[in-house]
Amino acid sequence: MCGIVGIVGREPVAAKLCDALMVLQHRGQDAAGIATLDGDRIFLRRAAGLVRDVFKGDASTELKGHCGIGHARYPTAGSDRPDEAQPLYVNSPYGIALAHNGNLVNTQALREELFKSDRRHLNTESDSEALLNVLAHELEEYDDAFSPEQVFKAVDAVHQRCLGGYAVVATIVGQGILAFRDPNGIRPLVLGQRESVHGGKEYMVASESVALDTLDFQLIGDLAPGESVFISEAGELHRHQSNIQRLHAPCIFEYVYFARPDSMMDDISVYKARLRMGETLAEKIKRTWPDHDIDVVIPIPDTSRTSALPLAYELGVKYREGFVKNRYVGRTFIMPGQAERSRSVQRKLNAIPLEFKNKNVLLVDDSIVRGTTSKQIIEMAREAGAKKVYLASAAPPVRYANVYGIDMPATSELIASGRSVDEVCQIIGADKLIYQDLEDLIKACQEGNSKIQQFDTSCFTGEYITGVDESYLQRLEQERSDAQKSARAQVTVVK
């Protein structure tokens, strides 16, 4: 999962791109990069680290130009080296810099195809490099004068060749910015505009609408599945809907965890969706556990707060803040290595004993992935004096790999994989465990936009909307294990 942004303005955009990436920092804390376009030159800066560190000092002033793109990286399997920070660049045709959110599931086949048929060499394991070279090759197929129509034909060819979930922004030297979304609309991408103080319109694309809000851009809407937009350096907007558009199936985990609550995605308020998750979870508790003895509902900050509040209200139970969060520690879900995640939980949260002592506590979390964080937090609650500790998850059991850009652990490291709810409950040390039903989760999100008939729920069901080769899943299982990640990290340090 990554954050991407692109702006075509009437004045230098580097500082605005930095601001947008800061707002999207929750989508990736591993690396950041910006590429700006100034006439016949691309200015590029990218490095490992947070946005504020990569672009500290006068870095943004070195990135010249009135249009550009930015990227905040969340490392996916096999794409976590410092030299794979984005945007990535290729010099032919024109000169293209590209940033990508998502994951391709046919990268290996593309690598072979690019080398044998397209005569293009890939120097990294990154699927983003494969996607960039496919786009570059397809643009080379058109020798006539540059036109938006030719760009859209090239993107349609990309959709034919690339399989997976992806949202893309790219700069094309001397031309402008291109953005497009995969045919299933799995990964999010929104478009906005505003009137420039210098006259004319300015345009922006981003992973989440909150980035538009921060820079005073008005939301035009989401790019449809398979839709692409091209914005010229002069500020002319061109839109194209590919006939390769497939069943719209946005990733439901965006609403559960990744997206900011103040974002709109596919006409669905993330905030309202999470409120409804809490309501449906409360209904399940009342239905399956009518004689519950819960004294207080306490969210595990921050993502679960929105769901925990209506849950407590519907149960008629007190809602309390029982944990104080250190805001200078990153999101533990996306930290590499179990040891680092465990240390981060200890540094990140501190219990308030007053809210736990001699009480039966229902902790609420957005989801349970590995379960080790849940186990630690339950232990903290007991040490703070809780009589009983129950745990409710706003999402169903995560049992399968996510292949579309969320680097969940190897399936064997998912606590719910191959286990019953009671077995998971025993491992994490809770007195009772309640999961959201998948039907209720879908209902909570779908209520915001009834036109969406299906969501990508593959991490709960193992059903992949694009189809996935079994050999790919086996390779992913090896790449995503903590042991393999530690081995790659040691190699990087040695280098």
Side-chain angles (χ1 to χ4, degrees), residues 1 4 100-107 109-110 127 131 134 152-153 155-168 179-191 205 207-209 220-229 239-259 263-270 273 276-277 395-396 398-406 408 436-470 472-473 476:
M1 188 67 61
I4 60 174
H100 163 220
N101 170 34
N103 194 57
L104 304 184
V105 298
N106 64 333
T107 306
L110 285 174
D127 61 339
L131 199 156
V134 170
F152 294 145
K153 288 180 181 178
V155 174
D156 283 351
V158 171
H159 292 324
Q160 292 275 18
R161 298 177 63 179
C162 295
L163 194 64
Y166 50 89
V168 176
F180 55 93
R181 192 178 182 191
D182 68 80
N184 290 110
I186 298 172
R187 297 268 67 89
L189 195 60
V190 297
L191 172 67
V205 290
S207 295
E208 295 186 32
S209 64
I220 296 175
D222 301 85
L223 267 68
E227 184 180 6
S228 50
V229 299
R239 304 183 69 165
H240 167 72
Q241 179 59 62
S242 173
N243 58 13
I244 307 172
Q245 179 184 11
R246 303 185 183 102
L247 179 67
H248 190 187
C251 175
I252 206 164
F253 216 75
E254 290 276 2
Y255 302 95
V256 170
Y257 174 78
F258 266 103
S263 282
M264 294 287 297
M265 287 184 168
D266 289 305
D267 289 330
I268 299 172
S269 164
V270 176
R276 292 189 288 266
M277 290 176 205
V398 177
R399 304 186 188 278
Y400 303 93
N402 185 293
V403 303
Y404 299 124
I406 300 178
M408 288 181 176
Q436 181 91 262
D437 291 335
L438 180 58
E439 295 77 10
D440 287 338
L441 175 61
I442 293 172
K443 175 184 174 183
C445 297
Q446 198 172 39
E447 189 173 326
N449 183 356
S450 59
K451 294 179 181 178
I452 298 177
Q453 298 300 307
Q454 185 170 341
F455 290 87
D456 167 49
T457 60
S458 53
C459 60
F460 307 125
T461 65
E463 299 172 1
Y464 300 100
I465 191 82
T466 63
V468 179
D469 187 84
E470 184 61 33
Y472 174 80
L473 293 175
L476 206 63

Would a 4.5 Å heavy-atom cut-off, applied to side chains only, mark [X] and [Y] as touching?
{"X": "Ile186", "Y": "Cys251", "value": "yes"}
{"X": "Tyr166", "Y": "Asn101", "value": "no"}
{"X": "Lys451", "Y": "Asp267", "value": "no"}
{"X": "His240", "Y": "Val155", "value": "no"}
{"X": "Leu131", "Y": "Leu104", "value": "yes"}
{"X": "Met265", "Y": "Pro250", "value": "no"}
{"X": "Ile406", "Y": "Tyr257", "value": "no"}
{"X": "Glu208", "Y": "Val190", "value": "no"}

Rounded distance (nearest 0.5 Å) linking atom [atom1] of [X] with atom [atom2] of [Y]:
{"X": "Ile252", "Y": "Cys459", "atom1": "CD1", "atom2": "SG", "value": "9.0 Å"}
{"X": "Leu476", "Y": "Met408", "atom1": "CG", "atom2": "CE", "value": "12.0 Å"}
{"X": "Ile452", "Y": "His248", "atom1": "CD1", "atom2": "NE2", "value": "5.0 Å"}
{"X": "Ile442", "Y": "Gln453", "atom1": "CD1", "atom2": "CD", "value": "11.0 Å"}
{"X": "Asn184", "Y": "Ile244", "atom1": "CG", "atom2": "CD1", "value": "11.5 Å"}
{"X": "Asp182", "Y": "Ser242", "atom1": "CG", "atom2": "OG", "value": "11.0 Å"}

Which atom of [X] lies closest to which atom of [Y], heavy atoms considered:
{"X": "Gln241", "Y": "Pro225", "value": "NE2-O, 2.8 Å"}
{"X": "Ala167", "Y": "Leu189", "value": "CB-CB, 4.2 Å"}
{"X": "Ile268", "Y": "Ala273", "value": "CG2-CB, 4.3 Å"}
{"X": "Ala401", "Y": "Tyr464", "value": "O-OH, 2.7 Å"}
{"X": "Gly405", "Y": "Asn103", "value": "N-CB, 3.3 Å"}
{"X": "Ala179", "Y": "Leu223", "value": "O-CD2, 4.0 Å"}

Original post:
Should Met277 and Cys445 be marked as a side chain to side chain contact (heavy atoms under 4.5 Å, CB included) after you check the CA-CA gap, both sets of side-chain angles, and the distance that decides it?
Top reply: CA-CA 8 Å; Met277 290 176 205; Cys445 297; 3.9 Å; yes
Original post:
Any idea how Tyr255 and Phe455 line up, ring-wise: parallel (<30°), tilted (30 to 60°), or perpendicular (>60°)?
Top reply: perpendicular
Subject >> Residues in ring pair (Phe, Tyr, Trp, His ring centres under 6.0 Å) contact with Phe180, at least two apart in sequence or another chain >> reply: His159
Original post:
Which is it for Asp266 and Arg181 under the salt bridge (charged side-chain N to carboxylate O under 4.0 Å, His left out) test, yes or no, and what are the steps along the way?
Top reply: CA-CA 12 Å; Asp266 289 305; Arg181 192 178 182 191; 2.9 Å; yes
Subject >> With sequence neighbours excluded, residues passing side chain to side chain contact (heavy atoms under 4.5 Å, CB included) with Ala157 >> reply: Glu138
Original post:
What's the verdict on side chain to side chain contact (heavy atoms under 4.5 Å, CB included) for Ile220 and Arg239, showing C-alpha distance, side-chain angles and the deciding distance?
Top reply: CA-CA 12 Å; Ile220 296 175; Arg239 304 183 69 165; 3.8 Å; yes
Subject >> Check against side chain to side chain contact (heavy atoms under 4.5 Å, CB included), Thr466 and Tyr404 >> reply: CA-CA 10 Å; Thr466 63; Tyr404 299 124; 2.7 Å; yes
Original post:
Between the main-chain N or O of Ser263 and the side-chain N or O of Ser209, is there a donor-acceptor pair closer than 3.5 Å?
Top reply: no
**OP:** Begin with the C-alpha distance, continue with both residues' side-chain angles, and end with the deciding distance and a verdict on side chain to side chain contact (heavy atoms under 4.5 Å, CB included) for Ser269 and Met264.
**Re:** CA-CA 5 Å; Ser269 164; Met264 294 287 297; 3.6 Å; yes
